[in-house]
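Written below as structure tokens is the structure these notes are about.
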Amino acid sequence: MPEMPEVEVTRRSFAQRIAGARVQSLRLGAPLRWPLGREPAELVGATVGETLRRGKYLWLPLALPEEPAGGLLLHLGMSGSLAFTAGEPAAAGRHDHFDLHTSLGLLRLTDPRRFGAVVWAPALDGGMAARLLAGLGHEPFDEALTPERFHAALQRRRTPIKAVLLAGEVIVGAGNIYACEALFEAGIDPRLPADRISRPRAARLLAAVRQTLASALALGGSTLRDFRDAHGMDGQFQLQARVYGREAQPCPRCAAPVRRLVQAQRSTFFCAACQKR
DNA sequence: CGGGACGCCTGTGAGC
DNA sequence: TGCTCACAGGCGTCCC
């Protein structure tokens, strides 16, 4: 699934319902991206805290009686989704690779491609979690990320702006869909080296990223194939994508055909007429 | 070091 | 119908 809106929509759809639950058992399916890093039996009896999000990661705090708090860092990879169900859980299917049975219900990770991860860490800023989160940029709605700072960060990269957005080292959360959409909204050619973007255009891009992500959040994210929130609901943003997945269709602004090219091994969709270098 | 390619996996849809 | 191929929302790692 997995850009920031989908992860955040998922978080909101189960965080309140699982908070305070007592862990009863864990079930691991096929290996995910990394090993759990902890004996599952040792987590039985832990109390679930408030689920947080950092970038496209979720942090599920688990308080154990006999040791300082730790938790599970979850990532949904390309094809993962989480479901939280109270009551009688369905039997695990072939793509269900992590089950957290609790006193309030079952949190289940379904991930056909298994690029996702569930990793134990002693703290959000410790162990494996610290390593994985170390290089992340600002949260998109972090007010500390001013247009000036955004522009200054872009000035330090010569890579195409699309790749800079995807890398998440300046600003996290925009994956392939939203990076394409934000660049379209800002009228910026995805091939433009980041350091050639003027201050006013950087400000416009930052606003476009925020507006695109906010819009996707409001629409429950994008469901291209498998994304569902933890209630099993589809997202709707994909229905209003302006360029993503629309190769050869008319640009909604100028009617020129939307083009596709490959950058950093990923498809980029854009309008060569509206998006300027 | 910045920047780019690779690989992890499975599923789906297009084209033949 | 059945096969092969390209492609898919991410990201850590390795190489130059």
Side-chain angles (χ1 to χ4, degrees), chain A residues 1-10 29-35 37 53-58 73-82 93-98 109-119 128-137 153-183 190-196 209 212-213 215-217 219-229 234-241 243-248 260-269:
Chain A
M1 94 169 201
E3 300 184 43
M4 177 279 220
E6 291 75 27
V7 178
E8 178 61 16
V9 163
T10 296
L32 294 166
R33 187 152 222 237
W34 299 289
R53 181 190 56 75
R54 173 73 177 106
K56 300 172 192 172
Y57 290 88
L58 290 175
L73 193 68
L74 289 83
H75 197 289
L76 301 174
M78 288 274 264
S79 60
S81 59
L82 284 169
R94 67 189 245 95
H95 297 310
D96 298 333
H97 300 303
F98 178 80
L109 173 68
T110 303
D111 185 4
R113 291 176 74 179
R114 290 193 277 130
F115 290 177
V118 181
V119 174
M128 186 70 170
R131 253 172 287 157
L132 292 172
L133 304 179
L136 297 189
L154 297 188
Q155 289 301 109
R156 281 179 242 119
R157 332 240 155 182
R158 270 168 289 178
T159 332
I161 182 60
K162 162 80 180 321
V164 171
L165 291 178
L166 273 191
E169 292 158 1
V170 176
I171 184 169
V172 295
N176 210 29
I177 298 178
Y178 303 123
C180 290
E181 294 297 309
L183 286 165
R191 298 165 294 187
L192 184 65
D195 64 357
R196 302 234 329 258
V209 169
T212 301
L213 293 176
S215 167
L217 268 173
L219 290 168
S222 296
T223 297
L224 294 192
R225 180 161 299 150
D226 19 40
F227 173 65
R228 301 273 149 19
D229 70 16
D234 284 11
Q236 300 295 315
F237 180 88
Q238 72 282 0
L239 301 175
Q240 68 159 48
V243 287
Y244 185 83
R246 301 179 56 85
E247 183 179 14
R260 184 180 88 91
L261 57 84
V262 175
Q263 294 180 288
Q265 288 79 242
R266 313 294 300 282
S267 285
T268 295
F269 298 89

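As the structure is a prediction and not an experimental result, all values here were calculated from the model. Lettering follows sequence order; numbering is per chain, from 1.
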Checklist entry - Nearest to the side chain of A:P2 - B:dA5, C:dG12, C:dG10? => result C:dG10

Checklist outcome for this item: Side-chain atoms of A:W34 come closest, of C:dG12, B:dG3, C:dG9, to C:dG12

Checklist entry - Using atom P of each nucleotide, how far apart are C:dA6 and B:dC6 to the nearest Å? => result 14 Å

Checklist entry - Can you tell me how far P in B:dA5 sits from the matching atom in C:dC7, rounded to whole Å? => result 15 Å

Specify the separation, in whole Å, of atom [atom1] of [X] and atom [atom2] of [N].
X: A:E169; N: C:dG12; atom1: CD; atom2: P; result: 9 Å
X: A:L58; N: C:dG10; atom1: CG; atom2: P; result: 15 Å
X: A:L166; N: C:dG12; atom1: CG; atom2: P; result: 13 Å

Next on the checklist: Any strand counts, and the cut-off is 3.5 Å on both contacts for Watson-Crick or G-U wobble. Which nucleotide pairs with B:dC6?
Outcome noted: C:dG12

Checklist entry - Under 4.5 Å between any side-chain heavy atoms of A:Q238 and A:T223, yes or no? => result yes

Checklist entry - Taking only side-chain nitrogens and oxygens of A:R156, does any of them come within less than 4.0 Å of OP1 or OP2 of B:dC1? => result no

Next on the checklist: Looking at A:Y57, I'd like to know whether one of its side-chain N or O atoms comes within less than 4.0 Å of OP1 or OP2 on C:dG12.
Outcome noted: yes

In terms of side-chain heavy atoms, does [X] have a donor or acceptor partner in [Y] at a distance below 3.5 Å?
X: A:R228; Y: A:S81; value: no
X: A:T10; Y: A:D229; value: no
X: A:T268; Y: A:Q263; value: yes
X: A:Q240; Y: A:S215; value: yes

Applying a 4.0 Å non-hydrogen cut-off, can you work out what [X] is touching in the nucleic acid: base, sugar-phosphate, or nothing?
X: A:S267; answer: sugar-phosphate
X: A:R266; answer: base
X: A:R260; answer: sugar-phosphate

Restricting to nitrogen or oxygen on both sides, can you table the protein-nucleotides 8-10 of chain B pairs closer than 3.5 Å?
unit_1	atom_1	unit_2	atom_2	d
B:dC9	O3'	A:R114	NH2	3.1
B:dC9	O2	A:R113	NE	3.1
B:dT10	OP1	A:R114	NH2	3.0
B:dT10	O4'	A:P112	O	3.4

Item to check | Spacing of CZ belonging to A:R266 relative to CG belonging to A:N176, to within rounding of 0.5 Å | outcome: 4.5 Å

